Participant: 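Mind having a look at this structure? Questions to follow.
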Amino acid sequence: GAVVSQHPSWVICKSGTSVKIECRSLDFQATTMFWYRQFPKQSLMLMATSNEGSKATYEQGVEKDKFLINHASLTLSTLTVTSAHPEDSSFYICSAKGWDIPLYEQYFGPGTRLTVT
Amino acid sequence: AQSVTQLDSQVPVFEEAPVELRCNYSSSVSVYLFWYVQYPNQGLQLLLKYLSGSTLVESINGFEAEFNKSQTSFHLRKPSVHISDTAEYFCAVSLGGKLIFGQGTELSVKP
């Protein structure tokens, strides 16, 4: 099956700094990538959807200036958490799909755990 | 608005025992329903799906789920679990180009 990787797998940063998370599709072209956020013992919440070469579409309540998403190529999307605060600490998961892949068959990365101190 | 509710956050069970993980959804329109599994330190994987047709769907590793429209449920069952089934299970619905997930159920299989 298709593989999606995330880097780093975990990161600790100080409050006020920015951190970038990478999401890569290793063996397919990802025309669409999704970014989710998961709090402990809670469901995955879709943050934004990005199509290659276009601006990301953010879900209601997600601050686009805080969570910068770039999908510059068919194999890479990045999520940058700007001016991070402790409440941004969470598990961030990306997923990806090609143009001819159904939504429900999107491939998920293993996630990145962000801790802001 | 759509929502997905998984009624049990944790389900401990002994090996070879049957298990049911419950999922209810609310929607005013027809939906597609899914179960995903997340093994430790891995991404979510599609376990099975209901799109249309037979209300009973099966996976290759012995899980099955039944779509019940009147009860708006899509419970996941397995007649005999293995240690390797220990994982987090997510129920999800698809609408408007998005997946909406339940809170997840942690299945813990003990020897």
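Worth saying up front: this structure is predicted, and the values here are computed from it rather than measured. All chains are named by letter (A, B, ...) in the order of the sequence lines, taking the proteins before the strands, and each is independently numbered beginning at 1.
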Participant: Which region of A:Gln6, side chain (C-beta onward) or backbone (N, CA, C, O), has a non-hydrogen atom less than 4.5 Å from a non-hydrogen atom of chain B, or is it both or neither?
Facilitator: neither
Participant: Would B:Thr105 and B:Asp8 count as a side-chain hydrogen bond (donor to acceptor under 3.5 Å, both in side chains) if you check the C-alpha gap in whole Å, the side-chain angles of each, and the deciding distance to 0.1 Å?
Facilitator: CA-CA 6 Å; B:Thr105 297; B:Asp8 307 294; 5.7 Å; no
Participant: Under the criterion ring pair (Phe, Tyr, Trp, His ring centres under 6.0 Å), I'd like the reasoning laid out for A:Tyr107 against A:Phe28: C-alpha separation, chi angles, the key distance, then a yes or no.
Facilitator: CA-CA 10 Å; A:Tyr107 300 105; A:Phe28 69 101; 5.4 Å; yes
Participant: Which bit of B:Leu46 comes within less than 4.5 Å of chain A, counting heavy atoms only: side chain, backbone, both or neither?
Facilitator: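 Contact with chain A: side chain only.
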Participant: Can A:Lys20 and A:Glu22 be counted as an ion pair, charged N to O under 4.0 angstrom?
Facilitator: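 A salt bridge is absent here (no side-chain N lies under 4.0 Å from a carboxylate O).
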Participant: Out of A:Thr32, A:Leu44, A:Val4, which one racks up the most heavy-atom pairs below 4.5 Å with chain B?
Facilitator: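 Answer, by heavy-atom pair count under 4.5 Å with chain B: A:Leu44.
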Participant: Ring centres under 6.0 Å, that's the criterion: do B:Phe34 and B:Phe74 meet it?
Facilitator: no
Participant: Examine A:Phe108 together with B:Tyr36 and report whether their ring centres are nearer than 6.0 Å.
Facilitator: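 Yes - the distance between ring centres of A:Phe108 and B:Tyr36 falls below the 6.0 Å cut-off.
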Participant: Would the number of heavy atoms belonging to other residues, nucleotides or ligands and lying under 6.0 Å from NZ of A:Lys66 be above 12?
Facilitator: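 Enclosed.
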Participant: Taking only heavy atoms into account, what residues of residues 53-73 of chain B are found under 4.5 Å from chain A?
Facilitator: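 Result: none.
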Participant: Go through the atoms of A:Phe39 and report whether side chain, backbone, both or neither lie under 4.5 Å from a heavy atom of chain B.
Facilitator: neither
Participant: Considering only heavy atoms, which portion of B:Glu106 lies under 4.5 Å from any heavy atom of chain A: side chain, backbone, both, or neither?
Facilitator: side chain
Participant: Do the two ring centres, one from A:Tyr36 and one from A:Phe91, sit under 6.0 Å apart?
Facilitator: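 Between A:Tyr36 and A:Phe91, the centre distance exceeds or equals 6.0 Å.
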Participant: Answer with side chain, backbone, both or neither: which region of A:Leu46 has an atom nearer than 4.5 Å to a non-hydrogen atom of chain B?
Facilitator: side chain
Participant: Please look at B:Gln10 and chain A and tell me whether the side chain, the backbone, both or neither of the residue comes under 4.5 angstrom of a heavy atom of that chain.
Facilitator: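 B:Gln10 touches chain A through side-chain heavy atoms alone.
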Participant: Decide, yes or no, whether a salt bridge links B:Lys98 with A:Glu59 under the criterion of side-chain N to carboxylate O below 4.0 Å.
Facilitator: yes
Participant: In terms of heavy-atom contacts, does CD of B:Gln45 have more than 12 from other residues, nucleotides or ligands at under 6.0 Å?
Facilitator: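 For B:Gln45, atom CD is crowded (more than 12 foreign heavy atoms under 6.0 Å).
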